[in-house]
**Student:** 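Please find one structure pasted underneath; my questions will follow.
Quick caveat, the model's predicted, so the values are computed rather than measured. In each ligand, atom 1 is the first atom listed, and ligand 1 is the first ligand listed.
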Amino acid sequence: MAAIDSFNFYLPTRIVFGCGTVERIGTLSRSLGKRALIVTGRQSTKKSGLLERVMDLLRRSGITSVVFDDIVPNPLSTSIDEGARVLLENDCDFVIGLGGGSPIDSAKLIALVASDGGNCWDYTESGAARKPESAFPVVAVPTTHGTGTEADPFAVVTNPETKEKIGVGFDEIFPAISIVDPETMLTLSPEQTAATGMDAFYHAIESYLNSNHQPTSDLLALEAIGLINNYLPIAYEHPKDLEARTALAWASTAAGICETLSGCIANHSLEHPVSAYYNATHGAGLCATGPSLLEYIRPHVMERLGEVARVMGAPSREINIDELSRMAITLLRRLQKSVSLDITLSDLGVEPSMLPTLAEDAMRTMGGLVTVTPGNLQTIDLLKIYRMSI
Ligand SMILES: [Fe+2]
């Protein structure tokens with residue numbers, strides 16, 4: 001067992017997990033105020049009836065609400081600025097992020113910009129790298145099992161002018177309360193199931209391989225990897241399987257905690273320019289480059305990949321660590337194939353001529369995650385990994 005080093009554990013979010021827990025949104029939110037801004041996407045929570053249900057539950061607890069639904073996948077900094085204006089104009093006390101990662105990340109950023117001022121982009125490394133001092137309280141209600149945003153202080157935003165997609169992280173935007181109800185995830189399509197489930201998988205494995213990994217995230221990462229490996233193919237085939245949805249909902253939240261405690265590595269750096277330029281689905285982008293990254297850094301993480309292989313069902317017979325670490329990558333490719341995500345960058349529309357630009361962008365906008373990747377990767381290494389993935 002590796003020596004345990006010093007670490008930092010801070011997770012101030014009340015996580016309420018379980019089937020039917022969304023019913024408690026009114027009573028849970030009462031302490032946060034009398035008027036909520038609900039941030040949600042343009043379609044799915046309306047179609048499923050969840051938005052109407054949440055508004056009704058709030059009303060019964062004496063909370064009125066205003067809906068802001070100008071949120072697209074890969075949310076735009078300009079929508080955040082507009083949402084902050086709507087919050088202030090309507091005198092809201094707190095923000096509810098209802099839906100997938102995009103509405104919840106947007107809710108966090110709206111809560112921050114409305115409270116602290118300025119424009120959303122000011123808070124990014126590519127903007128003014130402004131540090132906030134406050135934010136309105138946020139309630140997160142995830143309806144996908146992928147981003148882990150319900151258990152982390154991060155939000156991702158895209159600048160529509162420069163095409164930069166950047167993650168920010170501030171303690172002020174940890175959700176005050178997260179309600180994780182697997183029943184709200186039963187309406188996900190097989191494609192959304194696969195993409196969000198693999199996003200959670202990469203949060204877990206990247207945190208596990210991070211140079212800054214720590215004991216709690218190690219436990220949760222292996223738990224999440226094992227659950228996703230077992231249950232994602234089931235939910236992909238049978239979207240209404242509540243046992244599978246519950247396992248994946250917990251895996252996603254567990255992987256979100258891993259992101260908070262240890263954080264992702266270079267696969268998330270590689271993915272961001274791909275979805276920023278090509279509007280690719282985040283989880284699909286991660287699958288295009290993930291196996292190549294693992295192959296590239298395998299000599300530096302063999303022991304840990306060996307543990308990954310074991311929780312993914314590698315045979316228990318004596319097997320050397322070199323073989324076992326290779327097996328982790330084979331099992332990952334098998335998992336991706338089982339949910340139709342054994343894909344290349346070309347499948348996502350990426351042109352070979354763009355790879356140098358993407359590598360430079362990945363390093364410039366998300367270099368922090370590259371630094372914590374074992375193997376001391378430089379921009380040229382990111383380019384080689386892109387080339388292996390096209
Ligand atoms: Fe992610």
**Student:** Decide whether Q214 and N212 meet the rule of one side-chain donor and one side-chain acceptor closer than 3.5 Å.
**Tutor:** no
**Student:** Under the ring-ring contact (aromatic ring centres under 6.0 Å, His included) definition, can you give me all pairs with a residue in residues 116-171, not counting sequence neighbours?
**Tutor:** none
**Student:** Kindly write out the residues that satisfy ring pair (Phe, Tyr, Trp, His ring centres under 6.0 Å) with H203, not counting sequence neighbours, or none if the list is empty.
**Tutor:** H268
**Student:** Suppose the criterion is side chain to side chain donor-acceptor pair (under 3.5 Å): which pairs have a residue in residues 98-107, not counting sequence neighbours?
**Tutor:** D105-T149
**Student:** With a 4.0 Å cut-off, would you call K108 and D152 a salt bridge?
**Tutor:** yes
**Student:** Relative to the ring of F17, is the ring of W250 parallel (under 30°), tilted (30 to 60°) or perpendicular (over 60°)?
**Tutor:** perpendicular
**Student:** Check for me: within less than 2.8 Å of the Fe ion (ligand 1), which protein N/O/S atoms show up?
**Tutor:** D199 OD1, H203 NE2, H268 NE2, H282 NE2
